[in-house]
Amino acid sequence: MMTSKEIRNSFKEFFRSKGHQIVSSAPMVIKDDPTLMFTNAGMNQFKDIILGNTPIKYPRVADSQKCLRVSGKHNDLEEVGHDTYHHTMFEMLGNWSFGDYFKEEAIAWAWEYLTDVLKLDKERLYVTVFEGAPEDGLSRDDEAADFWLQYLPKERIINGNKKDNFWEMGDTGPCGPCSEIHIDIRSDEERAKVDGATLVNIDPDVIEIWNLVFMQFNRKADKSLEELPAKVIDTGMGFERLCMAVQGKTSNYDTDVFQPLIKAIGELTNSTYGKDVKKDIAMRVIADHIRTIAFSIADGQLPSNAKAGYVIRRILRRAVRYGYTFLDQHKAFMYKLIPTLIESMSEAYPELYQQKTLIIRDIQEEEESFLRTLDTGIKLLDRQIAETRANNSTVLKGLDAFTLYDTYGFPLDLTELILRENNMSVDEEGFKAEMQKQKDRARNAAAVETGDWIIIREGEPEFIGYDYTQCEAEILRYRQIKQKNNEFYQIVLDRTPFYSEMGGQVGDTGWLIDDDETIEIIDTKRENNLAEHITKKLPKDVTAHFVARINTERRTAVECNHTATHLLHEGLREILGTHVEQKGSFVSPAILRFDFSHFQKLTDEEIRKVERFVTSKIRENIALKEARNIPISEAQAMGAMALFGEKYGEEVRVIRFGDSVELCGGTHISSTGRIGSFRIINESSIAAGIRRIEAITGEACEEYFYAQQDIITELKALMHNAPNLTQAFQKFFSESTEMRKRIEEFMKEKAVQVKESIIKSRQIVNGIEIFTLRGHFPAEIVKDIAFQIRGQFPEHAAFIGATDIDNKPNLTLMLSDDLVEHGLNASVIVREAAKNIQGGGGGQPHFATAGGKNSDGLAKAVDEILEKLK
């Protein structure tokens, strides 16, 4: 039986023998593409070639691509682990032809590989072909069907609808019919009872393993189709499913792709796979998700609260929750699976081993953090349960359940599980309504209406911005973009000095000028390898000859900051050690950010050393040395470091400032002296083992120093221009501390007097002793008095605080335990009463507080509380 490693290698070798160039997997996390966060299909790294924006270097290509899907028709995150074949991270084996071979060869080689190389049973294989779509003027794909008839009988060639058998890159762009290959993995007995042909796309035991896409058309914005001049073959075969078929299993998780991880999970959690359905699901979820998380971190995407990082954090938290609920794991443990994953997959993906320390530390910290959050969320749910019951209900509000989900990462099923244990349920429709509101908000915020490209003239765009800041240019194409109520235009020029946003460097701004008008370019973006100049209006004559001129003052500020990041990187490795690696950067005219691997906070002394290092390089006035279009092996021999998570071509650009040598596509200052000055303004942690430095250069430094100088001048004036400001402040703080102690002692004495006063003036309502404090008292004094009274009057007692400091009203309510046991809830009562002071609050059933904005409502709030106590 072939192992997964042998299967992967056999695919590459087979297509190598058919004249294909074998290329490495692109990173799973996509950078510099505004349309996509993750590689979700094997074709993503070839998108620019398919669109015609990048020249074809190899007409035939094959690879094994790591992919991530968490939504869409191919996968649903909530299904992962519950069935045997859905995954978040998976490998896609694929072969491509760019204007070379087409359907006949693609079908022939697919059949040959599956049946001759892998020896799959021909009698178990079925294929689908596109049945046609009259609304698009498309007939059945008889061409593909005729080729399949050479290998399969007619009854095993099945028509498929547009949803399953017509592939589209998006709402617009290349598309075409596809032909899926399915395999029947049922037993011989089951196959004898029911014909597998009737189960294609219905029964998961007759499962799709390979999709052959025949890109023939281009979908325009008006939904019409036009023939592509160069047709493309794009195939994708799910590696995990293929291993299942080859190894004779009925579940992807039973193959050697997942079994080492599942066994390790069992050992760590003292669980046995195959004994308990819920535990099995949990183990599958964790085995799947740990791969996704580890590969994402290796590719440079750490869990976070934004965009791609939020997706990874959500996946990680889902795995933690399954371990917590079903495997009784209340301490971090998933990070211990990384050595097993590395042993399984690092031969094909060495980045796992190379980033081992970062992966382990980041996952451990994320696990521990979410376990704390989980505990906090459970306590919040306990309070919500108490409040729901206090309102004589057993159904938790949908909004409360959504808050748990949105803020604390509680999936609805976890909330439902805890509620069932308390003989309660959740308003599921209310939860779905809140979820839909959130989706609608996100959809409305991101909704973009994109027009078709209007072609003015043919030609290949050329970037000349390394050498020039302006040039003559003509418009090749443009299109209109509408988002919310704004209208923009994307313009592609034949020649441009404008750098498009990429690699952390912001895009250039500037102007497009002709004899009649000047059009402002407000940004330059890169999409599908096209530099798109963003404007708010079109030139009156789009066929005119223009001068494209960048804003050189802004570009210079950007370049100063970019070159400073290179010097900063060198300085960090020199001072902290060669373990420092760049993990991200952002370069704008105003500021630079640099993220790097390091496992502890920098000391003030280390920050000062780094600043001195960079400043010394600035004073040396080191000239830029640039090497363009050199082989990557030559660049690495020069000492240039490749960054993890980046996909490099065979030829690269090297930027050198003295001993600083980096692969870089951005723009830089001509010599370090032009940077002027450099200061670090912030250093912080952004993830486990990842630090972030924010710094400024040049004119921004001057303004920063002036601001600091102004602050010092003001402080001196406050200290009556004392000659030694430090000593003056030390004396001031010493006197302030002594004064604070005296005030605290006075307040304690005052509190005793106040407490005695309100005890004497207490009311008795329905047998409850009510103590009311009014006036101008700080919150800590009110709380102290409340707890003193609670200790002195432990039964049938309530304390109400209605106080005001600096026109900021506060309510406080303390209830004795017996009142809580009889159904009163301080948190609920205070929250309602706080509406009178235009505020809100809460707390525990026996003690709660609220703040507000309207002091005039305090009296009415107290009356409302008294009414509730009656």
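The chain is numbered in sequence order, starting from 1. As a basis for the values below, the full set of heavy atoms in this structure was taken, side chains included, without hydrogen atoms, waters or symmetry mates.
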Applying ring-ring contact (aromatic ring centres under 6.0 Å, His included), can you list everything that pairs with Y349, at least two apart in sequence or on another chain? F295
Under the rule for side chain to side chain donor-acceptor pair (under 3.5 Å), what residues qualify as partners of E570, not counting sequence neighbours? none
Among residues at least two apart in sequence or on other chains, which ones pass side chain to side chain contact (heavy atoms under 4.5 Å, CB included) with N682? S684, E694
Listing, residues 334-344 side-chain donor-acceptor contacts under 3.5 Å, not counting sequence neighbours, or none:
none

For residues 284-291, which side-chain donor-acceptor pairs fall under 3.5 Å, sequence neighbours excluded?
residue: R284; atom: NE; partner: G81; partner atom: O; Å: 2.8
residue: R284; atom: NH1; partner: Y273; partner atom: OH; Å: 3.0
residue: R284; atom: NH2; partner: G81; partner atom: O; Å: 3.0
residue: D288; atom: OD1; partner: T88; partner atom: N; Å: 3.3
residue: D288; atom: OD1; partner: T88; partner atom: OG1; Å: 2.4
residue: D288; atom: OD2; partner: H87; partner atom: ND1; Å: 3.2
residue: D288; atom: OD2; partner: T88; partner atom: N; Å: 3.1
residue: H289; atom: ND1; partner: V285; partner atom: O; Å: 3.3
residue: H289; atom: NE2; partner: R318; partner atom: NH1; Å: 3.0
residue: R291; atom: NH2; partner: M89; partner atom: O; Å: 3.1
residue: R291; atom: NH2; partner: E240; partner atom: OE2; Å: 2.9

Residues in side chain to side chain contact (heavy atoms under 4.5 Å, CB included) contact with K432, at least two apart in sequence or another chain: E428, E429
Just jot down the ring-ring contact (aromatic ring centres under 6.0 Å, His included) partners of F239, sequence neighbours excluded, or say none. none
Quick one: list whatever passes side chain to side chain donor-acceptor pair (under 3.5 Å) with S4, sequence neighbours left out. D256
What pairs with D595 under side chain to side chain donor-acceptor pair (under 3.5 Å), at least two apart in sequence or on another chain? R692
Just to verify, what does T565 make a side chain to side chain contact (heavy atoms under 4.5 Å, CB included) with, not counting sequence neighbours? H562, V587, L592, F594
Please report the C-alpha distance between F431 and Y405 in whole Å, then the side-chain angles of each, then the deciding distance to 0.1 Å, and finally whether the ring-ring contact (aromatic ring centres under 6.0 Å, His included) criterion is met. CA-CA 9 Å; F431 175 87; Y405 167 83; 5.8 Å; yes
Quick test of your reading: applying salt bridge (charged side-chain N to carboxylate O under 4.0 Å, His left out), list the pairs with at least one residue in residues 679-690, sequence neighbours left out, ordered by first then second residue. K601-E683, E683-R691
Under the rule for side chain to side chain donor-acceptor pair (under 3.5 Å), what residues qualify as partners of Q364, not counting sequence neighbours? E368
